[in-house]
Amino acid sequence: MKKKQQQPPAPPPQQQQQQHPGGGGAAEPWPHGVPLGGASPGPGGWKRRLPRLPLLRFSLRDYGFCMATLLVFCLGSLFYQLGGGPPRFLLDLRQYLGNSTYLDDHGPPPSKVLPFPSQVVYNRVGKCGSRTVVLLLRILSEKHGFNLVTSDIHNKTRLTKNEQMELIKNISTAEQPYLFTRHVHFLNFSRFGGDQPVYINIIRDPVNRFLSNYFFRRFGDWRGEQNHMIRTPSMRQEERYLDINECILENYPECSNPRLFYIIPYFCGQHPRCREPGEWALERAKLNVNENFLLVGILEELEDVLLLLERFLPHYFKGVLSIYKDPDRDMKESEKEEQKLQFYSTMCETCPGPVCGVMGLKQRSSLMLPSY
């Protein structure tokens, strides 16, 4: 009788090779190591177990790269805000990636709501309180955020056609809302295809304006003792100290009728006939005032004028009357000495005694006084 072949003993459970749940083939070791706890998954445990993903394993170099990218993004955002726009390298990157913009995906942003009117011109008449109003406008522009456009040209009121076109172009392209101010005769924007702005101005009794200018040219004002020497360097000493009564009564050129007609061209315009004293210039000035000027104030009633400006143009002049009465409250410390609000401040305007020639001036201003 043959002996029954003895089977080898079964290996202990710990040494058995683990089979793949799909069966059918050689056994494979655990691809990701032993499950947590060292025990094999029970029935259905293969569905619950999630393999580890190699992509979630970060090296120190990868971590440093992510932090550097974040730092670059933060710095770029900071430069964007401090510089008022994106840094150059972001613009280059945008051009490299393509021409698609925010507007392509989201449409144009809502348009800025502008006050009405958003274009104002103050073609200020000389020696009619204009320096006071400009100082007020500087404070108001910072307070209300409108664009105050000034000019360094003070003594060129008559312009050629090309100069008119250039000035109108510069004014029209300014950021709105703007208020432009300069000593210049009335400009007709519509003549050169521009939008006609709203005009404002302040005038003064023609005789008082002439007297103020007479002494201003000789002795300057509060801005400096040598101010008059800069403005009239060629004036001889005997002319500088010429008595105004003699100038009027002896009919010197400086005290003749054209000087008294000084205000009219600021409202008549740039036409050559506007500088000739006569009914034509006066009537044209009246027409322009009616059609283009929101307000023409009188210096002798300045507080009432400022109150009207505050009512008519609140987005420019709100609070102007309180600033006029107490300028130090809204003026910076560095400006209080430099930009004092001084009115009728020609240094020697009150120096002479009674002006005997005033009656003669009033007679020569017979054309100007009725319009005033």
Side-chain angles (χ1 to χ4, degrees), residues 120-130 133 154-165 167-168 180-192 194 196-214 216-217 244-245 247-302 304-305 308 355-372:
V120 179
V121 173
Y122 172 33
N123 62 324
R124 58 187 194 268
V125 180
K127 304 311 297 174
C128 290
S130 60
V133 178
H154 303 289
N155 298 320
K156 189 173 179 61
T157 58
R158 311 169 190 173
L159 307 178
T160 65
K161 183 177 180 180
N162 289 336
E163 290 172 337
Q164 293 179 56
M165 294 175 61
L167 180 57
I168 289 174
F180 174 78
T181 176
R182 173 182 164 177
H183 292 299
V184 65
H185 295 166
F186 174 79
L187 294 167
N188 189 347
F189 282 61
S190 58
R191 177 190 176 193
F192 299 99
Q196 190 70 10
V198 169
Y199 275 82
I200 60 173
N201 216 323
I202 299 176
I203 63 174
R204 184 180 186 178
D205 180 281
V207 174
N208 290 337
R209 197 217 69 84
F210 170 80
L211 295 175
S212 176
N213 186 68
Y214 182 88
F216 171 73
R217 294 182 68 247
I244 189 172
N245 295 301
C247 179
I248 297 171
L249 298 176
E250 296 297 328
N251 201 22
Y252 281 75
E254 185 178 358
C255 300
S256 62
N257 194 42
R259 290 283 182 180
L260 299 174
F261 200 72
Y262 175 87
I263 297 177
I264 294 295
Y266 281 88
F267 303 94
C268 179
Q270 298 288 337
H271 195 282
R273 292 186 65 183
C274 289
R275 298 187 291 272
E276 300 174 3
E279 290 291 339
W280 188 90
L282 179 60
E283 292 303 319
R284 180 159 180 165
K286 291 179 179 179
L287 180 64
N288 283 333
V289 167
N290 290 332
E291 293 183 351
N292 299 290
F293 282 79
L294 176 66
L295 181 143
V296 178
I298 299 174
L299 184 62
E300 289 80 1
E301 300 174 0
L302 184 58
D304 293 337
V305 173
L308 287 174
V355 179
C356 302
V358 168
M359 293 305 298
L361 283 176
K362 290 185 177 180
Q363 291 177 358
R364 297 173 193 178
S365 304
S366 58
L367 184 64
M368 181 61 204
L369 285 174
S371 63
Y372 165 75

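These figures come from a predicted structure and were not determined experimentally. Below, each value reflects all heavy atoms present in this structure, side chains not excepted, and no hydrogens, waters or symmetry copies.
L308 contributes atom CG, which lies 11.5 Å from atom CD1 of I200 (distance to the nearest 0.5 angstrom). We find the SG-CG distance between C255 and L249 to be 9.0 Å, quoted to the nearest 0.5 Å. For the atom pair M165 CE and L159 CG, the distance stands at 13.0 Å (nearest 0.5 Å). If you take CG on L294 and CG on N292, they are separated by 11.0 Å, rounding to the nearest 0.5 Å.
In this structure, N123 and N201 approach most closely via the heavy-atom pair O-ND2, 2.6 Å. Listed here is the closest heavy atom pair of I264 and A285: O-CB, 4.0 Å. When every heavy atom of C128 is checked against every heavy atom of I202, the shortest pair comes out as CB-O, 3.5 Å. Residues V120 and P197 approach most closely at N-CB, 4.4 Å, considering heavy atoms.
C274 has its side chain out of reach of F186: every pair of non-hydrogen atoms, C-beta onward, lies at least 4.5 Å apart. When side chains are defined from C-beta on, V125 counts as touching Y262, because their heavy atoms get closer than 4.5 Å. Contact check for I203 versus Y266: no side-chain heavy atoms found under the 4.5 Å cut-off. Within the 4.5 Å cutoff, no side-chain heavy atoms of Q196 are placed close to those of E291. F210 is not listed as a side-chain neighbour of K127, based on a closest heavy-atom distance of 4.5 Å or more. Contact annotation: the side chain of F261 never approaches that of E276 to less than 4.5 Å [non-hydrogen atoms, C-beta and beyond]. Looking at L167 and R182, their side chains come closer than 4.5 Å, going by heavy atoms from C-beta outward. You'll find the side chain of H271 stays beyond 4.5 Å of the side chain of H185, heavy atoms only.
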TODO: Any chance you could lay out the side chain to side chain contact (heavy atoms under 4.5 Å, CB included) test for R273 and R284, step after step, and finish with the verdict?
DONE: CA-CA 10 Å; R273 292 186 65 183; R284 180 159 180 165; over 6 Å; no
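The backbone N or O of D205 sits less than 3.5 Å from a side-chain atom of E300, completing a donor-acceptor pair. Of the possible donor and acceptor atoms, one in the side chain of Q270 sits under 3.5 Å from a partner among the backbone N and O of T157.
The side chain to side chain donor-acceptor pair (under 3.5 Å) check on T181 picks up R124, with sequence neighbours excluded.
The aromatic rings of Y199 and F293 are tilted relative to each other, their planes meeting at an angle between 30° and 60°.
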